[in-house]
Structure formats: C-alpha cells, structure tokens
Novice: 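Dropping the structure in here first, questions after.
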Number of protein chains: 2
Amino acid sequence: MTPLSAASGVENVLRILEGRWKLVILFHLFGGKVLRFSDLERAIPAISQKMLIQQLRQMEADGIVRRIVHHQVPPKVEYCLTDWGQALCRALDALLKWAALREAEA
Amino acid sequence: MTPLSAASGVENVLRILEGRWKLVILFHLFGGKVLRFSDLERAIPAISQKMLIQQLRQMEADGIVRRIVHHQVPPKVEYCLTDWGQALCRALDALLKWAALREAEA
DNA sequence: CAGAATCCGTTATGATACTG
DNA sequence: CAGTATCATAACGGATTCTG
C-alpha cells in the first residue's frame, strides 16, 4: 500500500469523525443505547441544538447512526448506532490505547 | 470506562490528527523515512509552505515528528517520525480496515 | 533552503428566536 | 419535542511577499 492510498483511506475515516461533537455522540450511543434527541441534549449540555442535529444528520448520512421516528404527538425521535457505528467504536480502540500510553508518559 | 472519558481520550487523538495535511505527512514519513522540508513540498505538491510548516510544528509539539536542524549554509532541515509517531501509524490500522470494509460494501 | 509575516476568503461553530 | 432559520463570529486554509 502506498503512503498516499493509506493516507486517503484514513482520511475518509477522519472526514467521518471530524466535527466538534461526533465522537462525543458516538460514545454516548455506544453499547446499543437508544437515546432521544432531548436525551442527547441533556447528556451533552455544551452542544447547541443546531450542532446536535447537524452532526447527527451527517452521521446518519455516513451510515453510522440510525434515526428512528415515532409518528406521534408530541414527536418522538430516537437515535442509535448502526452496526457500522458499533464497529467504528471498536476500531477506535487501538487509538485509545495509544492515547492512554501517551498520557501516562506525560 | 465512561463514555465521556473514552470520548475525551479519542478526542485528544483527533486533535492531534486534525488538520488538512497531518495524515498525509504522517504516512509520507512512515517507515523511518527522513525527508527534508523541500522533499515534503515536492512529495505533497498541493500543500502550501505555510500549511506544511504549521502542521509539522504542531506534530513536533505533539511529539510525533522530530525536527533535525543541520547548521549549515544553505540551511538543511530534516523531518522524521518519533517512536510515538510510528506507533500512531500502526494504531491507525484498525481504522484503515474498518474503512476498507466499508468502501467494499459501497 | 527553510522558513516568517501578512492579507483574505471559506468553512465551522455558536447564539438566538421561531415552528409544526 | 424535535427540530428550522437567521445572524454573528471564530477557526482554518491559501496566496503572496519577504528574509537569514
């Protein structure tokens, strides 16, 4: 694998993960949890509604989050990870370990 | 590990990797290669000098790139990965595989 | 050669108010 | 409740010029 193709492969992942809040959302949904929009708002107080919905929509478009709409009044919408999303979380494990070792050093 | 601590751990990595060119530089230096500033410029034609030096400096500050100055005229400066940098490349492997599977799907 | 300094347009993010 | 719309600002990236 050439340096460039490897980099472009990782770059696609980075593009999916980039965005101030994607990882926070990802890990809040990790483990099969199903959360409502307002649950996520409460879980991540620092995020604005605009950012929350924007990042969720992008993650949905990237196939790592599933949006479940219950047609009722008042509206109820739930979010959870797709299988790809779960797999992504696990794939981040090596990076987590690298980071942990690093902080231990410092 | 709580979702938040996990996310913050990965976020530190993401912060290190974020920047339009970090990964490209990383993979160009992977495998113990030692390149001059001008080598990197040639290897990555699309990058501007400003971005190249900026990203290199940040990577140096993050301890993943080493800068070697040869005091001579004309100046000669070389860059290579630190052990942490090499380890980071390897830690990206799981992500690469995830991305590869995904593209195969699509 | 290897930068530093400056200007400038684009994009990302945030605050606020409004709605079906 | 779960958004949308609008405006403002901050961060990012690029082009150009200059220098030890």
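Within every chain, numbering begins at 1; the chains are lettered A, B, ... in the order of the sequence lines, protein sequences first and strands thereafter.
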Novice: Indicate whether OP1 or OP2 belonging to D:dT4 is found under 4.0 Å from a side-chain N or O atom of A:Arg57.
Specialist: yes

Novice: Are the side chains of A:Leu17 and A:Arg15 in touch, meaning some heavy atoms are under 4.5 Å apart?
Specialist: no

Novice: Are the side chains of A:Tyr79 and A:Ile68 in touch, meaning some heavy atoms are under 4.5 Å apart?
Specialist: no

Novice: Does the side chain of A:Arg20 get closer than 4.0 angstrom to OP1 or OP2 of D:dA10 through an N or O atom?
Specialist: no

Novice: On DNA chain D, check which nucleotide each of B:Glu18 and A:Lys76 is closest to and give me the residue with the more 5' one.
Specialist: A:Lys76

Novice: Which heavy atom in A:Leu26 sits nearest to a heavy atom in A:Gly85, and how many Å separate them?
Specialist: CD1-O, 4.3 Å

Novice: Quick one: B:Gln49 CD to D:dT16 C1', roughly how many Å, whole number?
Specialist: 11 Å

Novice: Does OP1 or OP2 of C:dC1 have a side-chain N or O of B:Tyr79 closer than 4.0 Å?
Specialist: no

Novice: Hey, which of these two, A:Pro75 or B:Arg42, hits DNA chain C nearer its 5' end, going by closest nucleotide?
Specialist: B:Arg42

Novice: What is the distance, rounded to the nearest whole Å, between atom NE2 of B:His71 and atom C1' of C:dC1?
Specialist: 14 Å

Novice: Which whole-number value in Å describes the distance from A:Gln54 CD to C:dT11 P?
Specialist: 14 Å

Novice: Select one nucleotide: of D:dG3, C:dG3, D:dG13, the one nearest the side-chain heavy atoms of A:Ile53.
Specialist: D:dG3

Novice: Any side-chain heavy-atom pair from B:Lys33 and B:His28 closer than 4.5 angstrom?
Specialist: no

Novice: Does a side-chain N or O of B:Arg36 approach OP1 or OP2 of C:dG3 to a distance below 4.0 Å, or not?
Specialist: no

Novice: Could you tell me how far apart A:Ile47 (CD1) and D:dG3 (P) are, to the nearest whole angstrom?
Specialist: 13 Å

Novice: OP1 or OP2 of D:dA15 less than 4.0 angstrom from a side-chain nitrogen or oxygen of B:Ser48, does that happen here?
Specialist: no

Novice: Is the shortest side-chain heavy-atom distance between B:Gln49 and B:Phe37 below 4.5 Å?
Specialist: yes

Novice: Would you indicate, yes or no, if D:dC12 has its OP1 or OP2 atom less than 4.0 angstrom from a side-chain nitrogen or oxygen of B:Trp21?
Specialist: no

Novice: Just the rounded figure in Å: distance from C1' of C:dC1 to CG of B:Asp39.
Specialist: 11 Å

Novice: If you check the B:Ser38 side chain, which of C:dA2, C:dG3, C:dT13 turns out closest?
Specialist: C:dA2

Novice: How close or far is atom P of D:dA2 from atom CG of A:Leu56, stated in whole angstroms?
Specialist: 11 Å

Novice: Mind calculating the distance between CG (A:Leu35) and P (D:dG3) to the nearest angstrom?
Specialist: 14 Å

Novice: How long is the line joining CD1 of B:Ile44 and P of D:dG13, in whole Å?
Specialist: 14 Å

